[in-house]
Amino acid sequence: MPQYNPRSIEEKWQQIWLQNKVFASHVDTAKPKFYVLDMFPYPSGEGLHVGHPEGYTASDIVARYKRARGFSVMHPMGWDAFGLPAEQYAIKTDTHPAATTRKNVSRFRGQLQSLGFSYDWDREINTTDPEYYRWTQWIFLKLYDTWFDESRSQGRPISELEAEFASGRRAVPGCKQAWCELDGRRQREVLAGFRLAYQADVAVNWCPGLGTVLANEEVIDGKSEVGGYPVERRPMRQWMLRITAYAKRLLEGLDSLEWSESLKMMQRNWIGRSEGALVHFQVADRPEILDVFTTRPDTLYGVSYMVLAPEHPMVHIGQKDCIVPAAWPESTPAAWKFAGSEEIPASSVMAYQKWVAGRSERQRQEDVSKTGVFTGTYAVNPVNQQRVPIFVSDYVMMGYGTGAIMAVPAHDRRDFDFARQFGLSIKRVVSARKDLLEAGELPLEEAGYAVNSPWIDGMATEQAKPAMIGQLENRQMGLGRTHYKIRDWLFSRQRYWGEPFPLVHLEDGTTAPLAPEELPLRLPDLADFKPTGTMAPPLSKAGDWANVRVLLEGSPATAVARVVPPGTPGSVPARRELNTMPQWAGSCWYYLRYLDPRNDQVFCQRDTERYWMEQPPGVDLYIGGVEHAVLHLLYSRFWHKVLFDRGYVSSQEPFRKLVNQGLILGEAEYTAYSTAAGEWVSWGEVDPDLSTRAGSDGRPEIISRHRRTGEPLVGRGQAAGDIEKRGNQYVLKSRPDIEVDARSYKMSKSRGNVINPDDAIAKYGADSLRLFEMFMGPLEQVKPWSTAGVEGVYRFLHRLWRNVFGTEEDHRQRVVVQDGSSWRALDGGGLTADQQRKSQAAADELLRPMHRLIRKVTQDIERLSFNTAISAMMEFNNLLTRLEVIPCAAVLTLVRLLEPYAPHIAEEIYQQISGAAALGSVSRIPWPVYDEALCVEARCDIPVQINGKLSGRVSVPADAAEEHVLQSVLADTEIQEKLAGRNLKKKIYVKGRMVSLVV
RNA sequence: GCCCGGGUGGUGGAAUGGCAGACACUCAGGACUUAAAAUCCUGUGACCAGAAAUGGUCGUGCGGGUUCGACUCCCGCCCCGGGCACCA
């Protein structure tokens, strides 16, 4: 036999799997289902990186294992191909994004197939395919067609809302007339206020550099996440999705999910539930009421001033609700006015607003000292009629709560700082101790006991809150309120490469959805898709596409539009939406399309959906990167819940169990720093704020400064052999007083530490790459790449191959087959009596280890502990290496267990040793079963402790009774010696594990 | 600042109340070879004693506690990674 050569066998098996559709998924009601899903990739121009195969191998192992255990397995793959990078690349190179996408997808597909993943390729989907985005548009129309019924906490068809208005069961909001008295336009406007997809003028993150608006999540530190361009706030009419309506259900749904605690916590923080009260403050000498949200209604007696966000409508100078008076009240302190603009309140407020608007997000975050101005107006505290000044300050955010707060400096750090800055009173209303009025240093933010608060004096904070809310509600001064931090989802983008919105704008300013038969609304094939440079989206260049005539069908309120040729009687002019959907749209529901990917009647056939998603509910295992913790995963859950409410899916949640694979870092690096003069500097002296550049020799250099002197320093990589460890530090061997920085970095082009999976496959084969990525450590952990480590698993596969086929020089076949009560060589040759005896001895010797191996690998796959399963297989293989002859059954078991991890070599060995008896694929053989009784050795060595210290061991039969074990322990001469002259107080036997004696 | 996760040999890691360091990498020695590579065998936590076999002591970030027994559970601290952050 030739040596193990992955190149020659891997491609062969990949072809066989593909041609014979070995891994096709089917609805099979006789079998339980298992849906194992990968986060589908964005097919970038870079190709696959080593992070992709990590999660994809893990899911592939589970998919292959579950098939072997008799499950009907769904394991699909596709492409999340709309999005900014393709568009940016297209603009740069002047190629159409569709062409780039096609090219990238075929590269990605080829790479994934070269890794031998068991996807059902007939289910491949692509979010940019009109036959796919047709249904993305269809679901958008369902969102548009749904309103959220608070009383049922459920999304319902908009027609049912219309019926409620029409029958008079529900009053038309903000309108005295009856529903039937309103014209079609007005009816559409009213309904638009309820739809889950609606338009609003919102301050958007406009990014001039990208020529588009961005979602809040795509803006980091005032810069775009992609490209790092500056972002400014501008008002714009945008499509929004009412995800806030589902805040409560999105939060509560988390409890039912098998997700990591940290991931759930990220979603909980993002949704941001807080409980408290809405309190109404009368603005002094004016008609307006100022509402504030507080989580500490129990501190209401401690309010000493109020604060409005700079963007709050009550301080929009010149507007009718503006509360800023014409002149300062008498004796306003000079410090309460804005320096340089202190003539009248309006000038101070405007000057302050202008100053705030000019501050970057970064400046605000770095400088948390308190600034603000007095509005010149007072509010009246409803509980004690006290007049308190109203300030404007940027420490209050317009986007949270009502954009206004009641300030209680004694019990809030921020209010405390502000009060000190502006000389405002600080009044204690909580004491840390029940028996003292003034316990605990101010500001006291922790719970305590109410003081100086007539309605609730003496109550513990936890009781004082509901008591105060009760009082407020009775007197109509406020009400209990749960507030969520999450905001509605900004759903439109001024981009070309995304799904067009399936609706039209009518001349009266309202919108009408396209009739379902009009879908897909194809993206026009624009030659010029570049940004316009203004806020007008690229699609504004598609005039013929955008300007259409439509017929409106159905009742005026819920009419749908059908595009007709110009001149059609009854048609009206309409303009298509020029924005496109954000990249998240296609990934919100792709897991459903895989189930029925070629259906042109529905997004997914009902019974098919039910088979894969109902029992157990949702995707059974979803693996992907943690970078999608709050965006994709929250948006998907939201869409899924809407589809659930509307009866299109059968589970409440899309992804029941979710695992994040850990990042793979570059190979460990040792960096030593030196000054320009070449003087070494210890890592402890280096400012840890680093940047990278290409050095003069082409190798990357790290730039920093001396922590104390500020002198520029350069860090250069050191060979591992020049480094040694002293205590907790790594130092240069040549200069042990110089500490170096030892760690692994995220892979990046600029650092030059990127590992390309194609190279690894070319050198070691897909099986070794898969095996190594699983062997590195726990799936969820961050791990550094190690080329030496890949060689380790590569050696393991070589050793396995040699155990079965011998070496090139020595083809001695070691595999023997049992034939009744005798043994023969696998190639049919007879065996000598001595070989017969050795064969039987080997079989006896391997029996128990084999059962233990089956148990170990099975249990480890179930708990996704792939690294330990691999080490168990290595151990078993090492056992085989030492034997002169190897029973075929042991090899078969090993390759069967190995198949999910290293499928190509497993197929090849199976095929070669099974001969004519072979099935088409080793994956068709059921998973081996183990006998628990054969997993333990017949005899075992029991360690004996005396006073917790290991003092000897005895050998007993595995099933020996406690009494018997203790007897042989006490009979042991070594133990007797150690016990001599001591008084034995207690004997403990842990079955099969340990004996503990106490003297 | 708040929340979550983690800290075990030279390295990646194993062991979740019962023999710490499985498996692998690295390194060293040996076998095979004209030689090298590959392969195989042996050793490889630290310290002490011994010519050696071997024996002993210490050891899972630090300090305390629970237990016959703690890497594992509890309390306090230190450090690293991640998330959120003037969220009322």
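Every chain is numbered from 1 and lettered A, B, ... according to where its sequence line falls, protein lines coming before strand lines. Because the structure is a prediction, the values reported are computed rather than measured.
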Just checking [X]: base, sugar-phosphate only, or nothing, at a heavy-atom cut-off of under 4.0 Å?
X	answer
G272(A)	nothing
R993(A)	sugar-phosphate
K987(A)	nothing
Q781(A)	sugar-phosphate
R863(A)	sugar-phosphate
V307(A)	nothing
M776(A)	sugar-phosphate

Legend entry - Residues F416(A), H411(A); criterion ring-ring contact (aromatic ring centres under 6.0 Å, His included); working and verdict: CA-CA 7 Å; F416(A) 184 83; H411(A) 305 291; 9.9 Å; no

Inset, instruction - Quick one: list whatever passes salt bridge (charged side-chain N to carboxylate O under 4.0 Å, His left out) with E258(A), sequence neighbours left out. - result: R656(A)

I'd like to know if the side chain of [X] and the backbone of [Y] have a donor-acceptor N/O pair within less than 3.5 Å.
X	Y	result
T375(A)	I390(A)	yes
K264(A)	S262(A)	no
R848(A)	C935(A)	no

Legend entry - Separation of M873(A) CE from D860(A) CG (nearest 0.5 Å): 9.0 Å

Inset, instruction - Take G399(A) and G792(A), find for each the nucleotide of RNA chain B with the closest heavy atom, and name the residue whose nucleotide sits nearer the 5' end. - result: G792(A)

Inset, instruction - Identify, between M265(A) and A404(A), the residue whose nearest nucleotide on RNA chain B lies closer to the 5' end. - result: M265(A)

Legend entry - All side chain to side chain donor-acceptor pair (under 3.5 Å) counterparts of E441(A), not counting sequence neighbours: none

Legend entry - Counterpart residues, side chain to side chain donor-acceptor pair (under 3.5 Å), relative to S304(A) (two or more places apart): none

Legend entry - Ring centers of F418(A), Y305(A) separated by less than 6.0 Å: yes

Between [M] and [N] - [atom1] atom distance, rounded Å:
N	M	atom1	result
rG9(B)	rG5(B)	C1'	24 Å
rU67(B)	rU8(B)	C1'	22 Å
rG13(B)	rG29(B)	C1'	26 Å
rG64(B)	rC58(B)	P	16 Å
rC23(B)	rA14(B)	P	14 Å
rA38(B)	rC25(B)	P	12 Å
rU33(B)	rG59(B)	P	49 Å
rC75(B)	rG18(B)	C1'	24 Å

Inset, instruction - Classify every nucleotide of nucleotides 64-74 of chain B by which part a protein heavy atom approaches to under 4.0 Å, writing B for the base, S for the sugar-phosphate alone and - for neither, in 5'-to-3' order. - result: ----BS-----

Legend entry - Runs of at least three consecutive pairs that involve RNA chain B, where pairs are Watson-Crick or G-U with distances under 3.5 Å: B:1-7 with B:78-84, B:10-12 with B:23-25, B:27-31 with B:39-43, B:45-49 with B:54-58, B:61-65 with B:73-77

Let me know the distance between [atom1] of [X] and [atom2] of [N], rounded to the nearest Å.
X	N	atom1	atom2	result
W785(A)	rG13(B)	CH2	P	15 Å
M774(A)	rG13(B)	CE	P	14 Å
I405(A)	rA88(B)	CD1	C1'	6 Å

Go through the structure and list residues passing ring pair (Phe, Tyr, Trp, His ring centres under 6.0 Å) with [X], not counting sequence neighbours.
X	answer
Y484(A)	none
F281(A)	none
W785(A)	F772(A)
Y989(A)	none

Short N/O separations, protein against nucleotides 37-47 of chain B, under 3.5 angstrom:
from: rU39(B); atom 1: O3'; to: R802(A); atom 2: NH2; distance (Å): 2.9
from: rC40(B); atom 1: OP1; to: R799(A); atom 2: NH1; distance (Å): 3.2
from: rC40(B); atom 1: OP1; to: R802(A); atom 2: NH2; distance (Å): 3.1

Inset, instruction - Step by step, work out the side chain to side chain contact (heavy atoms under 4.5 Å, CB included) result for H312(A) and V315(A). - result: CA-CA 6 Å; H312(A) 196 280; V315(A) 287; 4.1 Å; yes

Nearest to the [X] side chain among [options], which nucleotide is it?
X	options	answer
S262(A)	rC4(B), rU26(B), rA88(B)	rC4(B)
D394(A)	rA88(B), rC86(B), rG18(B)	rC86(B)
T295(A)	rC86(B), rA88(B), rA14(B)	rA88(B)

Legend entry - Pair S865(A), T868(A): side-chain N/O donor-acceptor within cut-off below 3.5 Å: yes

Inset, instruction - Report yes or no: do T57(A) and Y901(A) form a side-chain donor-acceptor pair below 3.5 Å? - result: no

Legend entry - Test applied, ring-ring contact (aromatic ring centres under 6.0 Å, His included); reference residue, Y4(A); option that passes from F796(A), Y764(A), W801(A): W801(A)

Between the protein and nucleotides 21-23 of chain B, are there any N/O to N/O pairs under 3.5 Å, and if so, what are the atom names and distances?
from: rA22(B); atom 1: O2'; to: E875(A); atom 2: OE2; distance (Å): 3.4

Check: protein-nucleotides 81-85 of chain B nitrogen or oxygen pairs below 3.5 Å:
none

Inset, instruction - Quick one: classify the glycosidic conformation of rG45(B) as syn or anti, with syn meaning within 90° of 0. - result: anti

Inset, instruction - Give the ring-plane orientation class for F293(A) versus Y400(A), where under 30° counts as parallel, over 60° as perpendicular and anything between as tilted. - result: perpendicular

